[in-house]
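Inspection log for the structure reproduced underneath, given as C-alpha cells.
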Amino acid sequence: MPRVMLALGASSRLRVAQYVPFLRKAGLDIALRPFLDNAYLAALYAGQSRRGAALAAYGRAFSLLSEIERKRRRIG
C-alpha cells in the first residue's frame, strides 16, 4: 500500500486554496507554492534547527520573484 504524506500546516494552505476557483474564474492564473515546506515544519515540531529549511524557503521565494519579473517583462 503506498504511503501518503500529508502536508503539515495544511490549514493555512486550505484557507488560501479555497479562493483559487474564484480567482481563476476572474481570469487570474494561480499557482499555490507554500513558503515553508514540510521539512521546516517537521523540524519545528521536533524542536530541531530550522536554519537550513528556512534558508531554502527564502531561496525558493527569491527564485519565484525572479520568475515573476521575467514573466512580467514578457507581458508588458
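Worth knowing before you read on, the calculation uses all heavy atoms, side chains too, and leaves out hydrogens, waters and symmetry mates. In this text the structure is predicted, and so the values were computed from the model without any measurement.
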| Minimal non-hydrogen separation, Ala53 against Ala39, with atom names | CB-C, 4.3 Å
| remark: Residues at least two apart in sequence or cross-chain that pass side-chain hydrogen bond (donor to acceptor under 3.5 Å, both in side chains) with Gln18, listed by chain then number, are none
| task | State which residues pass side-chain contact (heavy atoms from CB on, under 4.5 Å) with Tyr58; sequence neighbours excluded, sorted by chain then number. | result | Phe35, Phe62
| query | Sequence neighbours excluded, which residues qualify as side-chain contact (heavy atoms from CB on, under 4.5 Å) partners of Ala43? | reply | Gln48, Arg50
| N/O donor-acceptor pair under 3.5 Å between Asp37 side chain and Tyr40 backbone | yes
| Taking ILVMFWY side chains as joined if any heavy atoms are under 4.5 angstrom apart, and letting links pass through other members, which residues group with Ile30? | Val16, Tyr19, Val20, Leu23, Leu28, Leu32
| task | Could you note down all residue pairs passing salt bridge (charged side-chain N to carboxylate O under 4.0 Å, His left out) where residues 40-49 supplies at least one of them, sequence neighbours left out? | result | none
| When rounded to the nearest 0.5 angstrom, what is the spacing between CZ in Arg70 and CG in Leu65? | 10.5 Å
| remark: In short, salt bridge (charged side-chain N to carboxylate O under 4.0 Å, His left out) pairs touching residues 24-34 with sequence neighbours left out are Arg33-Glu67
